[in-house]
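Note that these values count all heavy atoms, side chains included, but never hydrogens, waters or copies made by symmetry. Whatever order the structure lists them in is the order used to number ligands and atoms, beginning at 1.
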Amino acid sequence: MTPIKVHVPEEGYHGGLISCQVACPVHTDARGYVRAIAAGKFEEAYLIARGPNPFASICGRICGAPCEAACRRGQVPRVDDDGHFVAQDRPIAIRALKRFACETAGPEAIPSAEVLRRLQSYVPAVAARAEEMAATLRAGISGSVPKVNGERVAIIGAGPAGLSAAHDLALLGFQPVVFETEPVAAGMLAVGVPAYRMPRQVIEREIDVIRALGVEIRCGVSVGKDISFAELRRSFAAIIIAVGAKSSRGLGLPGERGPRVYGGVDLLRAVSLGSSMDIGREVVVVGGGNVAYDVARTVLRQIAYDTARTAARLPGTSNVRLVSLESLEEMPADTLEILEGDEEGIERLNGWGPVEIQRSAEGQVTGVLFRRCLRVYDENRRFSPVFSDTETQVVRCDTVLLAVGQSPMLDFLDDGGVDVEMARPGWPKIDPKTLASTAEGVFVAGDLAHGTRLLIDAVASGKAAARSVYRYVSGREIRPEVTTAHLVLDQYRRERGYESIRRQAVPVREPEERLHHPDVLVEIGYTPDLAMREASRCLDCGVTPVFDGSRCVLCGGCVDVCPTLCLKIVPLRHLIGDEALLAAIGNSLGLDADLDQNSAIVKDEDRCIRCALCAMRCPVDAISMERVTFSTSWRCQ
Ligand SMILES: Cc1cc2nc3c(=O)[nH]c(=O)nc-3n(C[C@H](O)[C@H](O)[C@H](O)COP(=O)(O)OP(=O)(O)OC[C@H]3O[C@@H](n4cnc5c(N)ncnc54)[C@H](O)[C@@H]3O)c2cc1C
């Protein structure tokens, strides 16, 4: 028999199996809300989802969903009756389920005061800013953290990082004041992400809940113009800079400066705020990421809408070309964006790099000269494009939109912030643990702290900055404390046939319908029936069979009944492992155990679908199903 390498579970092991929760930067118990939806407990699902994440409703629409990437259902092989591999299964549609929970029981459906009341009564009460807000909203702040005395903290930028920091600071007893240059709050979510993905009313409702905590958001106030950084340092106990990276990067191409060449995020901002921009009818978007798709799909909708109002649009006419350095396989954009972009009529040109923007004698854009990109990354996956000297093409157009990355704008530091040192031009030097800058009392959060990432990373970073401000202002140390709970489940049963249900497609609108108006939502979302069916696919990784070796009679019933063949009974001699294995054998059998006469039940964690058939089959009750949950709270030391 081939030796089997085993890992003996150590403390915290089972919590680590809840891969969706581990992968989420704020450790949302996705498994918890998905299972609540499956049970028809929609309000509870919302409360679980909202607990650690003040942007739950927004995440339900657009989160990059690292939880889904980590979902174990996506790694479980589907096997036939003989145990042969059929196909890889697909992850649970966690983001779409979060949207369903939020739409049903979150601020989209219920007034913000009522949302707060429900959150308050759902979670254990802890110290917070005001009596009526004596719940943490499960912000990860435990009752043992004494609140401060209303010290004022200035936050620059009302994006997800700044507002998440403000949310947690309010719960900790601070008076946060958020300064936002735009007329609306929410940062890139409101002035970047297009309305066909992110409805603006949902943003407003979600931010209303944060405001209801006592967070003051001053929109239309630019730090550096309307108020100086020096003034903020004089008037506030601490400052968090969360200004994101909202300047479109240029490429420095010949012809780039002049009319009708714009940064992609500038176009998105103009459309979001309803300001006009001089855009032609033949547009080239340079870039291959999600932002490039937001830009291309937005401009396509604008053209379609304008054209529909003036004349009949010719079917099949493509006005928008997206040109990327990368091949289709290498493009950084999500597959769904590429597919939906293709469906809507965006013409994709892969493997071309821009050389020059061509203009007429009058200065009008006439086209872009591209050369063939032979390779984008080197052998170490570093960005190092190589181009052909001979293969070129000119793509005719009258407008060029560059979606090749963003960078921060920190000019306001000139007055009062020269001690904020830079790690590289435009990006401040920070302590990665505390998010402190080199200047006293000045912290950094969000994209500015970690580079452009996902919305949920910005939320996590804002919350971390809030804790650092607490330490700085109060002088008290707070540390994370992970609480793990084990619960034996007497009557654990799964939904009938859950193991063979395929991922339920999230209903979307037809491509033609999407182009009727720029704000028409692409995703329609789940109905209650579909949501419950999809949620019932969750493997509930926190539940695990636990074997009592002192009762087991090695009958093999559990092995026989296991539908995914994840259990084996193996003589101890055939196990290989580290010292923990030797210790486990020694503890249960003594050091002189006969390794040939004794056996162990070995479980393949990747295959186990938590069906509980082993526990039901066991004739001597040696197997119990146990639920493990973990949560992180913050305590004063
Ligand atoms: C087009 C686009 C689409 C995206 N789509 C997704 C997505 O689908 N899913 C996802 O997970 N992530 C997405 N992201 C990433 C996500 O939006 C960002 O990671 C997130 O918004 C960063 O948050 P932040 O708070 O650090 O910065 P921002 O959201 O950029 O907010 C910073 C705020 O600071 C303000 N500000 C700047 N300077 C000043 C000043 N001097 N005074 C006052 N205010 C100032 C800005 O106006 C802005 O509102 C997208 C990003 C873009 C650009």
Side-chain angles (χ1 to χ4, degrees), residues 24-25 53 55 58-68 95 154-166 177-198 203 207 217-229 232 239-249 263-269 271-273 287 289-298 333-334 336-337 401 403 405-415 417 435 444-463 465 523:
C24 174
N53 181 4
F55 282 78
I58 293 172
C59 277
R61 305 291 180 138
I62 61 163
C63 185
C67 51
E68 270 185 47
R95 186 186 56 72
I155 298 169
I156 312 175
L163 289 182
S164 298
V177 182
V178 187
F179 297 90
E180 171 53 57
T181 191
E182 299 290 359
V184 290
M188 277 303 167
L189 314 177
V191 297
V193 182
Y196 65 82
R197 293 205 288 128
M198 186 66 252
I203 299 181
I207 291 179
I217 308 174
R218 295 189 194 165
C219 286
V221 180
S222 242
V223 173
K225 199 168 117 225
D226 303 308
I227 185 167
S228 71
F229 191 68
L232 296 185
I239 298 176
I240 297 176
I241 309 177
V243 295
K246 61 185 287 193
S247 286
S248 277
R249 265 194 227 135
V265 288
D266 300 330
L267 175 275
L268 293 172
R269 178 180 176 278
V271 171
S272 295
L273 296 177
N290 286 330
V291 174
Y293 268 94
D294 278 346
V295 172
R297 295 177 71 185
T298 296
D334 291 346
L336 194 63
E337 285 290 334
L401 297 166
Q406 294 107 242
S407 49
M409 286 271 285
L410 294 173
D411 299 358
F412 58 82
L413 291 176
D414 291 348
D415 182 4
L435 303 182
V444 180
D447 277 0
L448 182 66
H450 48 55
T452 50
R453 282 194 203 161
L454 297 176
L455 136 72
I456 191 65
D457 290 301
V459 171
S461 164
K463 292 166 78 75
E523 268 187 26

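Salt bridge annotation for Glu337-Arg297: present, with a cationic side-chain nitrogen under 4.0 angstrom from a carboxylate oxygen. The pair Asp226-Arg218 does not meet the salt-bridge criterion, since no charged nitrogen lies less than 4.0 angstrom from a carboxylate oxygen.
Ranking the protein heavy atoms by distance from atom 39 (C) of ligand 1 puts Val243 CG1, 3.7 Å first.
Considering both main-chain and side-chain atoms, Val265 never comes within under 3.5 Å of ligand 1 through any nitrogen or oxygen pair.
With a 4.0 Å heavy-atom cut-off, ligand 1 is reached by the side chain of Asp294 but not by its N, CA, C or O. Residue-level proximity to ligand 1 for Leu189 is carried by the side chain, the only part with a heavy atom below 4.0 angstrom. With a heavy-atom cut-off of 4.0 Å, Thr452 does not touch ligand 1 at all. Looking at Gln406 against ligand 1, only its side chain comes within 4.0 Å, counting heavy atoms. Contacts of Val191 with ligand 1, taken as heavy-atom pairs under 4.0 Å, are absent altogether. For Arg453, every heavy-atom contact with ligand 1 shorter than 4.0 Å involves the backbone, none the side chain.
The residue from Gly289, Ala242, Ser248, Ala458 that puts a heavy atom closest to atom 32 (C) of ligand 1 is Ala242. For atom 30 (O) of ligand 1, the nearest non-hydrogen atom from the set Glu180, Met188, Arg269 comes from Met188.
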